[in-house]
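Along the sequence shown, residues carry numbers from 1.
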Amino acid sequence: MSQKARGNFAVLQGKTMPQEKAGRNKTIDISVEDGRQYLERCITVDKKVELTDITDKTILGDCMTVMPLLPTGFVDLLIADPPYNLDKDFNGRKFQKTTEDLYIEYTENWIEKAIPLLKPNATIYVCCDWQSSSAVGSVLKKHFKIQNRITWQREKGRGALNNWKNSMEDIWFATNSNSYTFNVENVKIRRKVIAPYKVDGKPKDWEETAMGNFRNTYPSNFWDDISVPYWSMPENTAHPTQKPEKLLAKLILASSNPGNVVFDPFVGSGSTSVTSKKLNRHFVGIEINEQYCVWAEKRLEMANEDTTIQGYADSVFWERNTAVLQKKFKNPQITFQEWSENV
């Protein structure tokens, strides 16, 4: 990687100041000082390691220097959410927008370091915004077999006065070979049936229940059922670009099996690791920022007691604003009014 490319992704140290929260605010924002016990659970890697040394661990360090020290061929599923080619402050570590050529060089650099870690039948997902999507896709195409590009609706923010509101992000889906895992039955979406179709008076491809008519549908590559973590959700942290556990759950359930290893070289506040743990997968995550490592370890601890994933219940994914309906399937005592107000 050229010196200029590194310079455009230079790191500046800084600190965040704690703020008082409302009583119902569940945001995890514990400081490094107050969360020292969580930071001590992380490991550092400065020499070649075995898989047993890193399994189910958060590695504190720069993925560019850590990945060459990891075992070869241990990853079943790679999920990467690298810094987008935007000006962004990650708790004092500032990434500056650069040219497309330099961002391609940056992407090429980390992907080349990740390739030796992958199993022959591994799957790769890489998150990006619309501006850098073509650059990321071009690099992935050089090294892997592109299977699809997912676009998901990130319904957050106030919009712009002089442009269309940017509420979409991409996830490139690629594989190391033509032999790969894809459990489509595990990622169905439960939707309310508006115009039920019957054959001989019986439901066709839908279910009639006391709560309404529903169909479990196969997923497409456009996801409009994702809620970005917000202040009243237990999974929420103060990380500026945190990915929802529901989104990660779709990738993990579709492209890995229980006991597989999920690897995230930019693990941030731990969403990939936490979701993997909740779904009985092993995980390895790398994060350069101490603050985010603290939040990741705090969330991993919370997952010991709470394995729920917002929007995923009854072994299916649910549309937005159906929390009460999901509970109704498990708890028939919920009133019809409570249910109907959330359908």
Side-chain angles (χ1 to χ4, degrees), residues 1 5-6 8-9 63-64 67 75 77-90 93-115 118 122-157 160 163-176 219-224 226 228-229 239-252 254-255 262-269 271-272 275 285-289 292:
M1 188 176 186
R6 287 185 182 277
N8 279 282
F9 290 89
C63 69
M64 298 293 194
M67 282 194 285
V75 176
L77 172 60
L78 167 66
I79 299 177
D81 185 17
Y84 295 176
N85 192 15
L86 302 168
D87 292 329
K88 184 67 69 172
D89 188 333
F90 295 98
R93 311 186 76 93
K94 296 182 179 179
F95 290 85
Q96 298 176 339
K97 183 176 182 179
T98 185
T99 65
E100 182 172 293
D101 287 344
L102 287 174
Y103 191 75
I104 288 174
E105 188 178 342
Y106 169 77
T107 303
E108 183 84 43
N109 189 258
W110 74 257
I111 285 179
E112 286 183 346
K113 289 177 170 57
I115 289 173
L118 304 175
T123 294
I124 302 94
Y125 289 104
V126 182
C127 303
C128 56
D129 69 312
W130 71 270
Q131 293 185 75
S132 58
S133 185
S134 59
V136 171
S138 68
V139 176
L140 290 173
K141 188 176 181 180
K142 288 175 56 179
H143 300 284
F144 307 114
K145 297 182 182 297
I146 300 293
Q147 301 296 339
N148 211 324
R149 186 188 67 189
I150 299 163
T151 298
W152 65 282
Q153 188 176 25
R154 189 181 186 277
E155 192 56 49
K156 193 174 182 180
N163 203 338
W164 305 106
K165 178 180 176 180
N166 182 21
S167 61
M168 300 292 184
E169 293 191 15
D170 287 345
I171 306 174
W172 283 94
F173 167 32
T175 58
N176 221 7
S220 73
N221 63 348
F222 173 65
W223 298 352
D224 61 353
I226 303 295
V228 176
H239 192 288
T241 61
Q242 179 181 343
K243 293 297 184 289
E245 290 180 10
K246 183 180 182 182
L247 182 148
L248 276 307
K250 292 190 178 196
L251 306 181
I252 292 167
S255 297
V262 182
F263 173 57
D264 188 337
F266 306 92
V267 80
S269 60
S271 293
T272 299
T275 311
I286 304 175
E287 175 53 44
I288 195 172
N289 194 298
Y292 299 157

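- Here the straight-line distance linking atom CG of Asn148 with atom OG1 of Thr175 works out to 11.5 Å at 0.5 Å rounding.
- Separating the CG atom in Asp224 from the OG1 atom in Thr151 is a distance of 11.5 Å, to the nearest 0.5 Å.
- Within the 3.5 Å criterion, the main-chain N or O of Ile146 finds no donor-acceptor partner in the side chain of Trp172.
- The distance from the CE atom of Met168 to the CZ atom of Arg154 is 12.5 Å, given to the nearest 0.5 Å.
- Within the 4.5 Å cutoff, no side-chain heavy atoms of Cys127 are placed close to those of Phe266.
- Note that CG of Leu140 and OG1 of Thr107 are 8.0 Å apart. Values are rounded to the nearest 0.5 Å.
- Looking at heavy atoms from C-beta onward, Thr275 lies out of side-chain contact with Leu251 at the 4.5 angstrom threshold.
- Here the shortest heavy-atom pairing between Val75 and Ala122 reads O-CB, 3.5 Å.
- Shortest non-hydrogen contact noted between Pro83 and Tyr103 is O-OH, 2.7 Å.
- The shortest distance between side-chain heavy atoms of His239 and Pro229 does not fall below 4.5 Å.
- With sequence neighbours excluded, no residue forms a salt bridge (charged side-chain N to carboxylate O under 4.0 Å, His left out) with Glu287.
- One distance of note links CD1 of Ile104 with OG1 of Thr98; it measures 11.0 Å at 0.5 Å rounding.
- Side-chain atoms of Pro265 and Met67, non-hydrogen and from C-beta on, do get closer than 4.5 Å to each other.
- Partners of Lys243 under the salt bridge (charged side-chain N to carboxylate O under 4.0 Å, His left out) rule, at least two apart in sequence or in another chain, are Asp81, Glu169.
- A donor atom on one side chain and an acceptor atom on the other are not found under 3.5 Å apart for Ser132 and Asn85.
- In terms of the side-chain hydrogen bond (donor to acceptor under 3.5 Å, both in side chains) criterion, Trp223 has no residue partners (sequence neighbours excluded).
- Residue pairs that meet the salt bridge (Lys or Arg N to Asp or Glu O under 4.0 Å) test with at least one member in residues 126-152, sequence neighbours left out, are Glu108-Lys142, Arg149-Asp170.
- Contact check for Phe263 versus Ile286: side-chain heavy atoms found under the 4.5 Å cut-off.
- Scanning all heavy atoms of the two residues, the minimum distance from Ser271 to Leu248 falls at CB-CD2, 4.1 Å.
- Using a 4.5 Å cut-off on side-chain heavy atoms (C-beta onward), Val126 and Pro82 make contact.
- With values rounded to the nearest 0.5 angstrom, Asp264 atom CG is found 7.5 Å from Leu78 atom CG.
- A ring-ring contact (aromatic ring centres under 6.0 Å, His included) check over residues 123-155, counting only residues at least two apart or in different chains, returns the pairs Tyr125-Phe173.
- Legend: residues meeting side-chain hydrogen bond (donor to acceptor under 3.5 Å, both in side chains) with Asn176, ordered by chain and number and at least two apart, are absent.
- Residues Leu247 and Ile171 have side chains in contact (heavy-atom distance under 4.5 Å, counting atoms from C-beta outward).
- In this structure, Asn109 and Lys113 have side chains that are in contact, with non-hydrogen atoms separated by less than 4.5 Å.
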